[in-house]
Structures are given as C-alpha cells and as structure tokens.
Number of protein chains: 2
Amino acid sequence: MVTLKDIAAKVGVSISVVSRVLRNNMGQTRVRPEVAEAIRRAAKEMGYVPNPSAVALVRRQHNTLGLFFHRIGVPGSGIQENTLDGICAAARERHQRLLVVFFSTTEEFRQEWDAVRHGYVDGVLFVGRPHQDLLPDVVALRKTGRAVVTLYHEPLAPDIPNVGIDQQMVGYLATRHLLDLGCHRVVFLSTQKDASSSDFLRRRKEGWLRAMAEAYGGAPPSDLLEIPCGLDYASGARAIGRLMEGNVWFDGVVAASDAQASAVLNEVERRGRRVPEEVRIIGVDDSPICQMTHVPLSSISQQYFERAQRAVALLCDAIHGQEVHSEVFPPVLRPRTSTLGT
Amino acid sequence: MVTLKDIAAKVGVSISVVSRVLRNNMGQTRVRPEVAEAIRRAAKEMGYVPNPSAVALVRRQHNTLGLFFHRIGVPGSGIQENTLDGICAAARERHQRLLVVFFSTTEEFRQEWDAVRHGYVDGVLFVGRPHQDLLPDVVALRKTGRAVVTLYHEPLAPDIPNVGIDQQMVGYLATRHLLDLGCHRVVFLSTQKDASSSDFLRRRKEGWLRAMAEAYGGAPPSDLLEIPCGLDYASGARAIGRLMEGNVWFDGVVAASDAQASAVLNEVERRGRRVPEEVRIIGVDDSPICQMTHVPLSSISQQYFERAQRAVALLCDAIHGQEVHSEVFPPVLRPRTSTLGT
DNA sequence: CTGAAAGCGCTTACAG
DNA sequence: CTGAAAGCGCTTACAG
C-alpha cells in the first residue's frame, strides 16, 4: 500500500506538506500551487488511500458506527432489508465502517451492550422499537462523547435526534384512501392494551379518527370499529374471523401490517365476501408480500430506506460536532388492487 | 479510554509487559505469575479495551471485513435478513468491523469495487449470485493479500473457498417428500435457458429426476413435467395457469421459491383444485411468506443463517493464515399444511 | 512557503 | 524475568 512517505519521496517534499495538501488542511500557510498540484497528481497516479487506522489513531476517531438493531417488522415485511440497505449505502459513502448488533429482547441487548459501550465507535444508531428502559444507557453513552441518533417512529427523548415517521398520517392516509373510494365503515386493527408497540398504533388511530370525522361531517360516528389485534398473520385472521362471525358489517379495513392485511384478505374471501368489491383492504409497510397475495395489497410505505440514509447522515454530522435535530418523514400511499380493483 | 500506559502505571511495570501479558504473547520469556495476575486484574477492573486502530496500525491488519452482497432471493424471502444476521453475529464475536456493499448489477459492482480493492479490509466475503465475469477481480484481490470466501450455491472456482448448499439435495428432498405422501406426477418448476441463475436449478433438477427415478423403479417416467418459469410470483402464476389450461394432470409441485409456490397455491385453488388434497405444493427458502399464505406452505431451508456464520468463520481463519476449504451444507425440509394437510 | 519533531496507542525484537 | 526503544502511518503545532 502506498503511503505519504512514498508520495513525498516521489515529489521531493516532506510528508508534512503532502499530508496538508491531501487533507486540505493548511492552517494559515499556503503551499505553492505547482507543488500542491504535483502532490495531488502523484497521489492519484499511485492510487493513494490513507490508512484509516493511522488516521483514526491520531484523530482519536474510529470511522466506525455502531448499529443497534432491534429486529422490527413482521418477518417478510422487508423493513430490515430496506433499512440495512440504506444504512450501508450511506455509511460506505462516508467511509464509515459498521459494527452491527441485532437483538430482539432487552436481555440480548444487555448482553451486547458492553461491546459498544466500551467499543471504539464514534457514534451509535439505534434502530427499531424504542425501549424506554434503554434510555439511561443511551444517555450514559452520550456522556462518553459518542454521537447518538435513533431511527424510531418517535424520539426516545426530546433531545435525542430521531428520524421518525408521521404515524398519525399513516392512519389518516390509509383511512382517507378507503373513504375516497366510497367506503363507509372502515375497521381499524388496533393493538392489545399491554403491547409495547402500542405507542405508534395509538397515533395511527388518531389519524383514522380524524379521517372518519372528516367524512362524517366533523365528528366520528358512534359505531366506530376498532379491533384489538397482534401484528402477525394469525392474530389478524383470528380478529377478523371473530368480527365476521358476529355478523358485523364493514366495507373497509385498515390493517396494522401487510401480514395482517393478507390474513384479512384470505379470511374475508373465505367467508364469501369479495375484495375489493365488497371489502377494501389496506396494510402498512409496502412489503414484498403485497405483490404475492392473490389480490395484490394496497399499503403505506414508512420510508425505511430513505429514513435510514438520512439517519446515518445525521449521525455523521453529529460526530463532526454539528447540532442535529429530529426529523419526521411523511408516509407514502401505494395503492393496489385490494382497494382500487383492476 | 484506558490505555496500556494506565495499567502499567497502576501495576508498576512497563507497558511492554502489560502488552505481552494481555496479548498472551510472551515469546520465549516468562513473566512472574503474580505480576501477570495483577496485570490481568487491573485490566479487568479498569475496563481496558485495546484501541483497535493502534493494533491495526502495528499489525498491518484492519479488523475489517468487506462484504459484497449481491441482493438475492425474491423480495420477502428473508434470505437477505438471515444472511446478514448470521454475518453480523459472527463478525461481532470476532471483533471484526464490516464494510458492506449491496449491489444488483455488474455495473453497480464495478462502481463500488475500487472502494474495496483499494480499501483497508483484511478479507472479503462475496454473497449472493455467482458471476463468472467477476472471477478475474476476485483473483486479483487475492493477489493483494486479502483472504476471500464466497457464500454461493457452488464455488466460483475450485480454489476459492465457498460455503455452499447441496442443490441436488434440495430438489431430491422436496420431490421425495411429495412422493412419500403419495404424489404420482410431480411438476418441477425450472428456469428459462438463458437465466444467469440457471446453474443451481440445473442441479435441483437432477435431484428431482433422481427422486422420480427411485419412485418409478429405476428410470424416471417418460411424461415428466418440467416447466420453465421465473422465480417470482407473477411468473409462477402464469406458468401454472398455462399448464392447467392445457388440462394437464398433476398432483404435486416443486416450486423454485416460496413466492412461486404461493402463486401456484393461489392459481391452483382459483381453478378449483384443492391444496393439499388434490395438489401438494412445496417451495424453497422457508421464508416468512410460508406462514402467511392461506394454506401454510411447506418449504426447504437453504440454511442461510448458519452458512453465513460459517463463511465468516472461514474468512477469519483464512485471514489468520490457515488453509480453508469449501464446505457444502445439507438443506432442511420444513413440512407444513400445503403438503401434509391439517 | 516548507520541514523536523512529537505523539496517537500499540507490538516486538533486542538488551540487560 | 523485565524494560527501553524503534516503528506502524498519519497529523499538527512549532520553527525556520
């Protein structure tokens, strides 16, 4: 590998000048332009790439980002893939290496935590499900001088920068889409009271209520249908099955995930009602499943790829001492046959 | 961050001893046991973690693995997630940082190639679809002293270590499973002649033929049904649709992916035949989709998580100068309702 | 305008 | 049995 010394020898100057020219870091002194030019040319010709370890050592940085990834999304949702794709692309662009930890439970988190807490990373990105019980750890981490950014639905705390998504708008967009297509009674698949994930669903519900209120001239109707339900396929199937057994009439369903939506689709049709002619269905995540169900599913994208890229950008800015603030992305409607028809 | 100097000061020895004790690297000399003990205790108490940049600088290593990931699997297959999960876990365990590049086309590969070729990585793991046209680049990379391992179905070249999967066994296991359950005419969804992915499907086909031959007393029957078909949902639906329109009778289908299998399921039932009573269906990948279809799909796991972990282990061994060889994992059958019934 | 020198934190022959 | 010293490749005050 070619070093500063090699370039210095070739051009006939000291390595100090070479370093300053290539790093564009010349204090208040100027270097003769022809020398600078010669250095830059030589560096390019010789294929010089700075040794990141040497740079890291002297700069007391590590060009490494920690990534704490709480597995999210029902399996198959594609959220994990999209998020990682965005993170890796943005990190590569900024010459940042990655130290990735996947975890699913607080215990797993604790097990791996030391590796990052004592590890040589300049900043940490937390992805997935927000845990209030991890807040002290995150705060402690910041005290050690590391930058922290989260990629959660909502900020963990007001002063921890987050790249979020407007969950109220998720609920609103989905419901509004169904109402615009002529639906009257739109079921909202909500969550069990005790679920840790209930926060974002609470906000989505607000969006559903707002859209329903708009459609009903100001106040939501009194016969609103909110059905508590887990995010997975089986829960969705059970919930909608019970509803239909009770002979409750509805003509639209806002599911909380695409897995749920596919369950609703299968269950509704199995019980003899047609999608989307009699019941329109929309999910959330815009996942690959949407194109594999026998009626393609409409969905709402939570923009994980884009948000992941942005989160890495913010993290790098924070590492370089800039002040960064939380951002909120708008969700995007992806209509397909399960609402539009063919 | 605590350094060797801090520990040396506390214990009252030179940093050389501390380094040798902690690294377990003492040449032919011995250190007094009580001193060694004191050093280890101090290191632990003070929470010492070696600065990887300093170590990297002097060792001329970088504790960084390059990861060239050709996106594989139909979206939703979960292959990408499982693979990354395995890689990240194994890399963390070995204190290796990651430099991850996702790509989908040879052009994208070329764009990112320099970053790794000139980059400071000790080894590179290639994942996904093997490209014969990348072979010269891989060989050149090895010449620069980097270790190389691939996570492909089959080795790119005989001397490049690969963690593969027995594709013949994939076809055999699937077919044999259907035959054992009483199927007589098992359709094999194959691929277009020109597809770049055709290699592994050719091997799977051998497994299908072998199983059929076994069932038919030594030689496969003459009315074998091999249907060319893309790996995605739409292709699967079209292929099986055409077959059924031609009134061709069959009672088993070995699909090439779970997406395809779900398409077959929907199409077969839409045309009035029951799964698994009249037609048994099995896919490949054991993806999350399998549990979201209205009849849960049987499938064959290609062991991506386990193989990914193993590939990282081999890569690290190779980096440390050990000779490593290709391995082949056996696929695993995951039977569900689409073949077994309820 | 340019260079010599110190130092980042570690490893490892080489002396004692 | 243990330490002083050189050196990995770079950056950055500090001299000239």
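The sequence lines fix the lettering, A, B, ..., with proteins before strands; numbering per chain opens at 1. Being a predicted model, the structure only gives us computed values, none of them experimental.
DNA chain D is contacted by both Ser16(B) and Val49(A); Ser16(B) maps to the nucleotide lying nearer its 5′ end (nearest heavy atom per residue).
The distance from atom CD1 of Ile39(B) to atom C1' of dT11(C) is 15 Å, rounded to the nearest whole Å. The distance between atom CG of Asn63(B) and atom C1' of dC8(D), rounded to the nearest whole Å, is 14 Å. In this structure, the CZ atom of Arg59(A) is 12 Å from the P atom of dC10(D), given to the nearest Å. A straight line from CG of Asn51(A) to C1' of dG7(D) spans 14 Å, rounded to a whole angstrom. Rounding to whole angstrom units, CD of residue Gln61(B) and P of dC10(C) are separated by 17 Å. If you take CD1 of Ile15(A) and C1' of dT12(D), they are 11 Å apart, rounded to a whole angstrom. Atom CG of Leu57(A) and atom P of dC8(C) are 9 Å apart (whole Å). One atom, CG of Leu4(B), and another, C1' of dA4(D), lie 15 Å apart when rounded to the nearest Å.
A sub-4.0 Å separation between OP1 or OP2 of dC10(C) and a side-chain N or O of Tyr48(B) is present. The phosphate of dT11(D) has OP1 or OP2 within less than 4.0 Å of a side-chain N or O from Arg23(A). One finds no side-chain N or O of Arg20(B) lying less than 4.0 angstrom from the OP1 or OP2 phosphate oxygen of dT11(C). Between Arg60(A) and dG9(C) there is a side-chain N or O to OP1 or OP2 distance below 4.0 Å.
In this structure, His131(B) places its NE2 atom where more than 12 heavy-atom neighbours from other residues, nucleotides or ligands lie under 6.0 Å away.
When both pairing distances are held under 3.5 Å, dA15(D) makes a Watson-Crick or G-U pair with dT2(C).
Taking the six-membered ring wherever Trp is involved, the centroid distance between the rings of Phe103(B) and Phe68(B) falls below 6.0 Å.
Taking SG from Cys316(A) and CD from Glu93(A), the interatomic distance works out to 9.5 Å, rounded to the nearest 0.5 Å.
Ion pairing between a basic and an acidic side chain is recognised when a charged N comes within 4.0 Å of a carboxylate O; Arg307(A) and Glu327(A) show no such pairing.
Out of dC10(D), dC10(C), dC1(D), the shortest distance to the side chain of Pro50(B) is found at dC10(C).
A donor and an acceptor atom never sit less than 3.5 Å apart when one is taken from the side chain of Ser14(A) and the other from the base of dA4(C).
In this pair, His153(A) and Tyr304(A) present their aromatic rings perpendicular. The plane angle is above 60°, beyond the 30 to 60° band.
Counting any heavy atom pair closer than 4.0 Å across all strands shown, Tyr120(A) reaches no nucleic acid atom.
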